[in-house]
Amino acid sequence: MSSDGLSPWKVVCLFLLLCALSTVQVVYAKSYGEIEQQRIALAFPGDIAVSAPEGEFNVRTISGKDGSGKAGVLGYVFQSQDVVNIPAYSGKPINMQVILDPAGEIKDAYVLEHHEPILLVGIPESKLHDFAAKYTGIKVGQRVVIGHSSDPGAVTIDAISGATVTVMVVNEVVTRAAHEVAVSLGLITDHGGVKQKPATVREDIYQPADWTQLTGNGAIRRLKLTRGQVDEAFAGSKAEGVHKASAEQANDTFIDLYVTDLNPPTIGRNLLGDNQYRFLMRDLKPGEQAIGVFGQGEYSYKGSGYVRGGIFDRVQLRQFGEVISFRDMDHERLSDVFAAGMPKFDEMSIFIIRPQAEFDPGTPWTLELLVRRQTGAISAEFVSFELPYQMPEEYLERPLPTAEELAAAEEASRPIWLNIWYQKSFQIGVIVVALLLLTIILFLQDTFTKKPHFLHWLRRGYLVFTVVFIGWYALGQLSVVNVLTFVHALIQDFRWELFLTDPVIFIIWTFTAGSILLWGRGVFCGWLCPFGALQELINETARKLKIRQFELPFALHERLWAIKYIILLMLFGISLESMSAAEQFAEVEPFKTAITLKFDRQWWFVLYAVILLVINIFTRKVYCRYVCPLGAALAIPTKLRLFDWLKRRKECGDPCQLCAKECEIQAIHPDGKINANECHYCLDCQMTYHNDNKCPPLINKHKKRNKKAPEGVQLIPVIDLVEAR
């Protein structure tokens with residue numbers, strides 16, 4: 001080779017580099033056409049306007065008229081990929097469009113894009129959309145749990161049978177993304193977990209205090225606005241310039257507003273006096289809170305709208321993202337106050353928060369003051385000013401969480417994959433015990449193979465368990481898609497969470513990887529593959545029924561092994577271009593049809609699987625031997641196995657051909673060598689190896705050992721020549 005040429009190792013490195021570059025993906029904000037607008041129109045029918053994406057999460061604001069004809073913000077829409085990046089079982093995130101209303105309620109959740117193999121050509125995609133639709137009407141602050149939950153306050157949603165991991169990821173995507181956006185928009189307050197029981201006001205704590213002391217410790221909070229500050233708030237709107245203050249008036253008081261919770265005795269008794277406080281507490285029902293509001297300045301926090309409509313349209317409270325409005329029946333005019341040093345106010349009120357608001361006095365809340373400026377005969381602009389309030393801790397008693405609440409909090413803080421492991425603890429326990437049993441069989445194979453009748457029945461029972469429990473119940477059928485996903489994860493962004501989301505698959509994969517290093521691919525293909533076990537049980541039944549079996553000549557059989565490796569390479573090449581396309585071409589595997597979906601699919605998939613099983617009646621495991629790309633993928637690292645525990649004798653292959661003829665998948669060469677890449681570790685050859693009545697070398701050995709001397713042999717007498725002389 002010339003010096004200008006590429007050496008073989010450089011060619012290999014260049015190929016690997018090109019593979020890596022071909023799998024690098026750049027994520028751009030995507031447009032999904034009309035479906036996005038259709039979902040928005042479905043949530044908010046009528047004449048609406050949608051803004052351009054704004055902020056950290058590319059949230060678009062939906063504006064229009066509400067049911068009462070009032071114009072304003074109707075909701076917010078965003079794509080989950082702009083908020084969270086949670087890989088699903090395919091290794092790629094599910095992108096959803098989520099619509100929220102201003103109260104923090106989910107109006108719509110719709111799957112825009114996914115790459116889940118179980119849903120591409122398996123379970124109808126409509127089931128995923130039906131599942132996503134269940135989030136409509138759920139509050140962002142509520143916990144949503146798939147299946148059973150120890151939290152009695154959680155919203156539970158049933159999973160899609162056969163796609164549990166996918167729906168767990170969808171749940172995580174919707175709830176986390178909606179929560180992040182709602183917090184960023186100020187629709188809810190981030191409390192970082194499960195909503196605790198409401199705190200209670202301590203009625204046994206009272207200390208004399210004047211106005212200065214109550215404002216100094218935060219028991220009373222203040223919001224002071226000048227006319228200039230209000231003018232600045234309207235800058236850029238249609239109301240800019242309406243009632244604008246002159247330069248001399250800019251520092252005039254627009255409103256000087258104070259707010260407090262009157263229930264604590266130290267606040268209520270010092271402000272209202274003993275008698276008025278006692279009457280107030282007597283009239284309050286359990287769960288009600290009395291909020292004191294005091295104001296002075298040119299702007300009235302009460303206004304006059306409540307006189308006509310009965311609703312106070314200038315003040316409202318917000319807690320947990322929920323708005324608490326007041327009607328005239330919730331209001332009491334306050335005239336007499338007794339706190340020393342209290343300023344003179346133009347307006348003083350008590351607003352009653354009713355029990356249905358589920359108000360928590362121990363959690364921060366906000367008084368919102370709405371300022372309106374008329375811009376036309378029937379049009380106006382609004383600006384909201386916020387006055388936050390947090391009751392001093394010494395006035396509160398916080399209940400200790402119960403065991404159920406602690407368990408719910410622990411459940412809420414667990415990562416998604418750990419929740420799945422908890423939910424599948426029964427399946428995990430049974431499979432771990434089964435794998436321990438298989439490990440014992442493999443390590444003590446010499447002992448078990450000396451008892452062929454017992455081992456035959458033990459193996460049949462294990463194969464039934466593999467089909468019924470691992471395959472049809474636990475959905476633990478491995479696939480070449482798992483191999484491709486793992487390879488792509490190594491090249492791109494490997495995360496353990498991706499593989500931990502399906503504990504059954506993860507455990508079986510881990511065991512398979514370990515068994516390959518010790519025994520080769522045969523342990524999985526011969527004991528743990530549900531479709532392989534189904535084939536073996538069907539073929540064994542056919543043999544019991546004396547159905548004629550056919551075997552290919554070994555020379556042809558040996559060349560047909562290459563087919564599965566060619567299929568594997570083709571699937572890998574397709575996956576470099578499109579993982580979704582590779583997942584569809586991976587339907588060369590009948591696993592999804594026969595095992596995962598239990599033949600509940602379109603007729604052509606079922607026909608393909610049935611044809612393979614019918615062929616298997618006459619020739620054992622044809623699919624496994626010649627077609628299976630998963631078997632090919634597992635055979636490649638079999639070259640690295642550390643031990644060769646299948647025993648052979650020097651007579652094996654020459655002259656003895658018994659094991660080669662009896663091997664039902666023809667994994668033994670005519671020369672007696674066992675091909676570990678094709679062996680399914682059924683241990684039949686080892687049972688023959690230890691059988692004194694079946695193994696020809698053993699039979700010949702015992703014949704020679706037990707051979708007796710011929711009868712009637714005449715002995716030659718011994719003569720002492722010395723004495724004879």
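One is the number of the first residue; the rest follow in order along the sequence.
- Arg398 has a carboxylate O that lies under 4.0 Å from a charged side-chain N of Glu393, or vice versa, which qualifies the two as a salt bridge.
- Heavy-atom neighbours of Phe385 CZ from other residues, nucleotides or ligands within 6.0 Å: above the threshold of 12.
- For Gln427, there are no side chain to side chain donor-acceptor pair (under 3.5 Å) partners, not counting sequence neighbours.
- A salt bridge links Asp231 with Arg373; the closest basic N to acidic carboxylate O contact falls under 4.0 Å.
- Remark: the backbone N or O of Leu500 is paired with a side-chain donor or acceptor of Trp421 at under 3.5 angstrom.
- From Asp330, atom CG reaches atom CD1 of Ile350 across 12.5 Å, with rounding to the nearest 0.5 Å.
- Thr260 and Ala219 make their closest contact through OG1-O, 2.6 Å (heavy atoms, listed as atom of the first residue, atom of the second, distance).
- Considering every non-hydrogen atom in both Pro102 and Arg318, the closest pair reads O-NH1, 4.0 Å.
- Considering only heavy atoms from C-beta on, Leu262 stays 4.5 Å or farther from Ile291 through its side chain.
- The side-chain heavy atoms of Leu112 and Tyr110, taken from C-beta on, include a pair separated by under 4.5 Å.
- Using bins of under 30°, 30° to 60° and over 60° for the plane-to-plane angle, the ring pair Phe351/Phe312 lands in the perpendicular bin.
- With respect to the salt-bridge test (charged N to carboxylate O, under 4.0 angstrom), the residues Arg60 and Glu54 do not qualify.
- Note: Leu387 CG to Lys224 NZ = 14.5 Å, rounded to the nearest 0.5 Å.
- The two atoms that bring Asn263 and Glu288 nearest to each other are ND2-O, 3.4 Å, heavy atoms only.
- Although no hydrogens or angles enter the test, the distance criterion places no donor-acceptor pair under 3.5 Å between the side chain of Thr366 and the main chain of Glu368.
- A pairwise comparison of heavy atoms in Gly218 and Tyr389 identifies O-CE1, 3.9 Å as the closest pair.
- Once rounded to the nearest 0.5 Å, the distance linking OH of Tyr299 with CG of Leu225 reads 10.5 Å.
- The side-chain heavy atoms of Val140 and Leu187, taken from C-beta on, include no pair separated by under 4.5 Å.
- No side-chain heavy atom of Trp509 sits less than 4.5 Å from a side-chain heavy atom of Phe486.
- With contacts defined as side-chain heavy-atom distances shorter than 4.5 Å, the pair Glu394/Asn217 qualifies.
- Here the shortest heavy-atom pairing between Gln319 and Glu358 reads OE1-O, 4.3 Å.
- From Ser575, atom OG reaches atom CD of Glu583 across 9.5 Å, with rounding to the nearest 0.5 Å.
- Arg221 places a side-chain N or O within donor-acceptor distance of the main-chain N or O of Gln390, the cut-off being under 3.5 Å.
- Between Lys107 and Ala43, the closest heavy-atom pair is CB-CB, 4.1 Å.
- With a 4.5 Å cut-off on side-chain heavy atoms, Tyr135 and Val98 do not count as touching.
- Within the model, atoms CG of Asp261 and CD1 of Ile267 stand 6.0 Å from one another, a figure rounded to the nearest 0.5 Å.
- A 4.5 Å side-chain heavy-atom check between Gln584 and Ile574 finds every atom pair outside the cut-off.
- Here the two rings, on Phe57 and Phe78, have centers that are 6.0 Å apart or farther.
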*Could you walk me through whether Tyr301 and Leu223 pass the side chain to side chain contact (heavy atoms under 4.5 Å, CB included) check?*
CA-CA 12 Å; Tyr301 64 78; Leu223 171 67; over 6 Å; no
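- With rounding to the nearest 0.5 angstrom, the CG atom of Asp108 is 12.0 Å from the CG atom of Asp101.
- With no hydrogens or angles considered, a side-chain donor-acceptor pair links Asn95 and Tyr32 at under 3.5 Å.
- Residue Glu34 qualifies as open at atom CD: its count of foreign heavy atoms under 6.0 Å is 12 or below.
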*asked:* Applying side chain to side chain contact (heavy atoms under 4.5 Å, CB included) to Val201 and Met391, what does each step give before you reach the verdict?
replied: CA-CA 10 Å; Val201 174; Met391 186 181 293; 4.2 Å; yes
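- Judged by distance alone, with hydrogens and angles left aside, the side-chain atoms of Glu180 form no donor-acceptor pair with the main-chain N or O of Arg176 at under 3.5 Å.
- With contacts defined as side-chain heavy-atom distances shorter than 4.5 Å, the pair Phe326/Ile353 qualifies.
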_Residues Val170, Ile94; criterion side chain to side chain contact (heavy atoms under 4.5 Å, CB included); working and verdict_ = CA-CA 7 Å; Val170 169; Ile94 295 174; 3.8 Å; yes
*Test side chain to side chain contact (heavy atoms under 4.5 Å, CB included) on Gln374 and Val242 and set out the steps.*
CA-CA 8 Å; Gln374 202 75 20; Val242 178; 5.8 Å; no
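- Residues that satisfy the side chain to side chain donor-acceptor pair (under 3.5 Å) test with Tyr258, not counting sequence neighbours, are Arg222.
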